[in-house]
Amino acid sequence: YFGGGAPFDGGGGGGASYPAPATSWDLTATPSMKITYVPLATPSIVTTPSASTVAIGTTLQDSATLTGNATLDGTGSITFNLYGPSDPTCSSTSLDTETVADVSGTGPWSTTNGFEAIEPGTYNWTASFTGDGNNAGATEVCGAEQVTVGRATPSMGTTVLDGSTQAPWTGSEVTGADASDAATVTGVTGITPTGTVTYDLFANASCSGVPLSNQTVVLALGTVPNSAATPALAKGAYGFQATYSGDANYTGATGSCESFRVGAGSTGVSTAVNDAATNLAWSGTEGAGATAFDTATLHHQGSIPPTGGVTYSFFDGRTCSGTPVSTKTVQVGAGGEVPNSQLTARLAVGAYGFQATYSGDSNYTSATGPCEPFSVSPVNVLHVSPNSGPHTGGTKITITGTGFAPGAVVKLGQGHGAGPGSLTATKVTVVSSGKITAVTPKGAKPGLWNVFVIEPGSVQSPPHPADRFTYT
């Protein structure tokens, strides 16, 4: 009831009634007036995620736009809520809640901090507008705005290592070297990769075909153990490739092919001339009629034995120059051993040389050993011990000298400068090219006798003051 006038039409007594929800009505009274009722606008809220499909480690953001609204007076706010894969109905506590205040325009209005997704699955954003003096509130329901978070793709790094040094492969490695591979799996900060890495070794530089070998290792706190060392490698091209299995947070990944090469190894040849009569090293006291043979050893790196052949060259002379007297090639054994050379013919007094040359093979370079000079000494008697004994014979004597050869005969001749006589020692044994044992014969007259060594081919020692024996 408004002062002094008549009651509003449609009511009685002391006041007026307000029919609702009329948009307007006439009041027939004195004074008269018109009242207009304006209801609140009912806007819609439309949200858009920063991306609908992302990988773990991505920070999720949201934005909202109001439509169908009346003038926004700046008193309202928009609240964003994010729910994780374990809460598809948005009924638990949200993972992220952010509020934008003082909404004075339609937007878009966006979250500021966002949320880093560390678990694969489906996430739901919701947004709600509080309303203001001109607009009713508005809410986006759970499930209307979803973001799919998938597994991230890690990056892989690999390095081939020299097995002997554990340093990166240099390319200078040769036959017999071994290698290992080192891998890293790098994911999102704070989300440690798990799973396995498989190392494949290939006998080519493209990592194609069937691998020579493979090994699987388990990640430990995100660290990938190195592969085991390969066996000793032959000359050639190789490749390592590492493959990550993936896990709940990361997809599988394959590293690039790491090619590396093994070069040809070098070899060394060492040799030794032997006396064929004793199978011992040549002493230099061997005399005319002795025979010799050469032995060779190949020195190489690693456990891969060399193959191929070794050629022995025998020279007349100490320098191994010119055309050899003879050559002989032998095949290297399965374990890298080298057979001996053939025997020389019976040698005259003089100087000679042996030299061995290795052919090389697919893994090793060729090599030539040094010249081995050796000489055949003239026959000389340098000492007789004991130097006296009874004329009845039977004294065992030791003769030392040079040039003694198997088959030698020991004779005695009486007097200074006398040549060999008819007395011949018994039980002659050529111990070495420098030592003979024998037993003096009986029937000699007492006095001074010369001891002679006569080689096969009638080469004999000359008379010498040191070769004397006295019969008593």
Side-chain angles (χ1 to χ4, degrees), residues 271-295 318 340 343-354 372-472:
T271 50
V273 178
N274 280 20
D275 184 334
T278 63
N279 285 327
L280 300 175
W282 193 266
S283 68
T285 60
E286 291 79 3
T291 57
F293 64 92
D294 201 16
T295 63
R318 300 178 61 85
N340 297 338
L343 299 182
T344 65
R346 290 189 176 276
L347 300 171
V349 173
Y352 302 91
F354 263 119
E372 299 174 271
F374 66 102
S375 59
V376 177
S377 300
V379 182
N380 285 298
V381 175
L382 302 178
H383 186 67
V384 178
S385 177
N387 62 1
S388 64
H391 69 280
T392 55
T395 301
K396 183 177 181 180
I397 59 175
T398 298
I399 305 166
T400 56
T402 62
F404 303 156
V409 175
V410 176
K411 287 182 174 290
L412 289 85
Q414 187 176 26
H416 293 289
S422 60
L423 291 179
T424 302
T426 61
K427 298 182 180 180
V428 176
T429 300
V430 180
V431 179
S432 69
S433 59
K435 180 180 180 180
I436 292 176
T437 61
V439 175
T440 59
K442 64 181 179 178
K445 296 179 180 181
L448 191 64
W449 292 72
N450 291 321
V451 178
F452 296 93
V453 174
I454 303 172
E455 302 285 359
S458 301
V459 177
Q460 71 178 44
S461 61
H464 192 280
D467 67 9
R468 293 168 185 171
F469 181 85
T470 300
Y471 273 108
T472 57

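In this chain, residues are counted from 1 in sequence order.
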Non-neighbouring partners of R318 that pass side-chain contact (heavy atoms from CB on, under 4.5 Å), sequence neighbours left out |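 Only A351, P373, S375 meet the side-chain contact (heavy atoms from CB on, under 4.5 Å) criterion with R318.
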[X] to [Y] - nearest heavy-atom pair and separation:
{"X": "V430", "Y": "G407", "answer": "CG2-N, 4.4 Å"}
{"X": "V381", "Y": "S461", "answer": "CG2-OG, 3.5 Å"}
{"X": "V384", "Y": "R468", "answer": "CB-O, 4.2 Å"}
{"X": "E455", "Y": "A408", "answer": "OE1-CB, 3.8 Å"}
{"X": "A272", "Y": "D294", "answer": "O-OD1, 3.0 Å"}
{"X": "K442", "Y": "L423", "answer": "O-CD2, 3.8 Å"}

Side-chain contact test, heavy atoms from C-beta onward, threshold under 4.5 Å: evaluate it for L412 versus P441 and give yes or no.
->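 The answer is yes, as the side chains (C-beta and beyond) meet within the 4.5 Å cut-off.
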Counting distance only, does the side-chain N/O of N380 pair as donor-acceptor with the main-chain N or O of L382 below 3.5 Å?
->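 Not confirmed, N380 side chain does not pair with L382 backbone.
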Any donor-acceptor pair under 3.5 Å from E286 side chain to S433 backbone =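 Not confirmed, E286 side chain does not pair with S433 backbone.
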V451 and V410: CA distance, side-chain angles, deciding distance, side-chain contact (heavy atoms from CB on, under 4.5 Å) verdict = CA-CA 7 Å; V451 178; V410 176; 3.8 Å; yes
For F293, which residues count as a ring pair (Phe, Tyr, Trp, His ring centres under 6.0 Å) partner, sequence neighbours excluded?
->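 Counting only residues at least two positions away or on another chain, F293 forms no ring pair (Phe, Tyr, Trp, His ring centres under 6.0 Å).
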Hey, can you tell me if F374 and F354 have their rings parallel, tilted or perpendicular (30° and 60° cut-offs)?
->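 Ring orientation, 0 to 90° scale: parallel.
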CG-CG distance between L280 and D275, expressed to the nearest 0.5 angstrom =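 Nearest 0.5 Å value for the CG-CG distance: 7.5 Å.
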What distance do T291 atom OG1 and L347 atom CG have between them, rounded to the nearest 0.5 Å?
->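 Separation between the atoms: 7.0 Å.
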Audit row: Y352, T344, side-chain contact (heavy atoms from CB on, under 4.5 Å) steps and yes/no | CA-CA 11 Å; Y352 302 91; T344 65; over 6 Å; no
Would you check, one step at a time, whether the test side-chain contact (heavy atoms from CB on, under 4.5 Å) holds for T440 with Y471?
-> CA-CA 9 Å; T440 59; Y471 273 108; 3.5 Å; yes
side-chain contact (heavy atoms from CB on, under 4.5 Å) evaluation trace for T426 with V439 = CA-CA 5 Å; T426 61; V439 175; 3.5 Å; yes
Please list every donor-acceptor pair under 3.5 Å in which a side-chain atom of residues 387-405 meets a protein atom from a residue at least two apart or in another chain.
{"residue": "H391", "atom": "ND1", "partner": "T472", "partner atom": "O", "Å": "3.0"}
{"residue": "T402", "atom": "OG1", "partner": "P378", "partner atom": "O", "Å": "2.9"}

